[in-house]
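Here, residue 1 is the first one in the sequence, and each next residue gets the next number. Keep in mind that what you see is a predicted model, and the values were worked out from it rather than measured.
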Amino acid sequence: MNLRTVSAPGPVAGIFLLLSLALVVGLGLRAYGGITWGLPERFHHDEPAIIDQAARIAVTRNPDIQWFIYPSLYIYLQAALEPIGRPLQPLVDQAYDGDRETLVKARQLLVGRIVTVLIGTASIAGVFLLASRSYGRSAGLLGAAILAVHVLHVKNSQWVTTDVPSAAAVLGAGIAAIVGLQTRSFSWLLAGGVVAGLAAGVKYPVGLSVLMPLMAAAMLWRGGELARNCGAILLVAGCTFLATTPYALIHLEKFLSAMQYNAEHHRVIGHPGAEGPDTWKWYVERFILASPPVGALMAAGIVYALIRHRREDAILAVFLFAYYALIAAQIVRWERWLIPIVPVAAALAGRLAADALQWARRVPFRRVAAPALSVVLVLVLASGALQALEYDRTLTLNDTRHEARQWIADNIPAGARIVKEFYTPTLGSEYEVTKYFGLYQHSFEQLVCEGDYLIASSFNFDRYFVPSDPYPERREVYERVFELPIRHEIRPGADMAGPRIVILRVPTGMCQGGESGGVPTRFGS
């Protein structure tokens, strides 16, 4: 039996109303808090990598990035939006204090976040289209509602990063593959290859979405016809990717070097604080626990798809498991790497929920079962919305880095030499600032010779104070740093978010012939 005949179609007006409600809720959860978080500073580690490249392109009008750690498509999109965002500059200037460069960067970040919010919200409609086409309108509406409140998708829809845009492209490739299968249309499968090329142009691993139109082709043709059609799909996917990252061939050596760096960093070298054994198990746990009980429903939807093993299930599952196998093979574990899976899993969860409601309406005790199951689903969605709302609320709190910056301005004299690491406050030109990603990058002797003050962040040092820490030499640097006199410490709490910031004073005369040449410190204790 075709599940599309099982799900009640319902009045078009009612479907439009419920989908609009899911979109409004999803937009609100994605826009609240995150859009203005941290402004005018740029606290998110990955956002400047995209925003700064886009700003350079907008100014120089030269799209030759020569940087391939990320693909180029989302960077180009942000660059294209730069002229559109300039009228917002007076509003940013009025809302925040800072020098001209800081405020311009804040406006660029704000525009970029708005774009990602809109893409994340549009993905809700994408889930509706995917699930409706595959399993019926009820599945589409429930899948859209599930994605709307999924906290991991909400969280990552607020940043100028590649995860949510690439996941939106996965939805497009999936929709094209399903339509191509159901209509036996090779043109739709070619369109799926194009969208998969766009997905790779946003985030390299998500190019695996090309497996969906390839799987659909394998269900429709055999022999030489299958080989020709699959070859055409792969060809258009590859050409589309090269169109989005055109300088990969021109600077082939740099492109291959970036690919090698990405592979070694995530598979061999590792990333402190984001490593661990049993990566496959960790991702399963995070998939469920990141947004319980919504995550549990999504996991159950995937299992249910394996049990039903319809053709549409196979098309979606081939991407889910291939992509999962790829990320599970790495030693580095990032929760956000689950994002490309989430919208597809939401569609499968919507199908499970719709089938369960249909079952509840047919059993002998349906007068109890159907209302009870409806209440359970409402509670599941409400729990996801409340979790997402609570996360959004933390983004509206004052940040420890803002508080630290104000304390430094009030208590440390201009001209002081300050050595700081990432995830600490941005400081103005009135100080002589030396910036490192982590204080551990240099010896303690060099640090005390370079600065009158050291500033450390728990987002860096906490990862080295764990029992299984494989970097004892880095921990030792922080242990010695924390033996210095602590001038001030700011901790997150009920009314403040962010990392723990520790500001330490280097006593006079501590640098004795150190690595910076034994220059005495400037300020007495």
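- Every pair passing salt bridge (Lys or Arg N to Asp or Glu O under 4.0 Å) that includes a residue from residues 157-168 is listed here, sequence neighbours excluded: Asp163-Lys203, Asp163-Arg336.
- Sorted by first and then second residue, the salt bridge (Lys or Arg N to Asp or Glu O under 4.0 Å) pairs with a member in residues 263-290 read Arg286-Glu335; sequence neighbours excluded.
- Tyr391 carries Lys155 over the face of its six-membered ring, with the cationic atom under 6.0 Å from the centre and within 45° of the normal.
- The salt bridge (Lys or Arg N to Asp or Glu O under 4.0 Å) contacts involving residues 222-234 comprise nothing, where partners must be two or more places apart or lie in separate chains.
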Worksheet entry | Worked verdict on His266 versus Trp337 for ring pair (Phe, Tyr, Trp, His ring centres under 6.0 Å) | CA-CA 12 Å; His266 297 123; Trp337 280 3; 4.9 Å; yes
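- Taking 4.0 Å as the cut-off between side-chain N and carboxylate O, Arg113 and Glu47 count as a salt-bridged pair.
- Among Thr426, Thr102, Asp52, the single residue meeting the side chain to side chain contact (heavy atoms under 4.5 Å, CB included) criterion with Arg42 is Asp52.
- Sorted pairs that involve residues 177-192 and meet salt bridge (Lys or Arg N to Asp or Glu O under 4.0 Å), not counting sequence neighbours, are lacking altogether.
- Among residue pairs with one or both ends in residues 101-121, none qualify as ring-ring contact (aromatic ring centres under 6.0 Å, His included); sequence neighbours excluded.
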Discussion item. Pair Asp313, Tyr135 - check side chain to side chain donor-acceptor pair (under 3.5 Å), show working.
Written reply: CA-CA 10 Å; Asp313 297 330; Tyr135 310 117; 2.5 Å; yes
Discussion item. Please evaluate residues Gln182 and Glu312 with respect to the criterion side chain to side chain donor-acceptor pair (under 3.5 Å), reporting the C-alpha separation (whole Å), side-chain torsions for both, the decisive distance (0.1 Å), and the verdict.
Written reply: CA-CA 9 Å; Gln182 294 174 347; Glu312 290 84 355; 3.0 Å; yes
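- Taking NZ of Lys254 as the reference point, atom CH2 of Trp67 lies at 13.0 Å (rounded to 0.5 Å).
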Acceptor/donor pairs from residues 240-247 side chains to any protein atom, 3.5 angstrom cut, sequence neighbours excluded:
residue, atom, partner, partner atom, Å
Thr240, OG1, Val236, O, 2.6
Thr244, OG1, Phe241, O, 2.6
Thr245, OG1, Ser72, N, 3.2

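- In summary, Arg30 and Asp392 do not engage in a salt bridge, as defined by a charged side-chain N under 4.0 Å from a carboxylate O.
- The residues Glu82 and Arg107 are annotated as salt-bridged, a charged nitrogen and a carboxylate oxygen being separated by less than 4.0 angstrom.
- Between His44 and Tyr423, the gap from one ring centroid to the other reaches at least 6.0 Å.
- Between Phe437 and His45, the distance from one ring center to the other falls under 6.0 angstrom.
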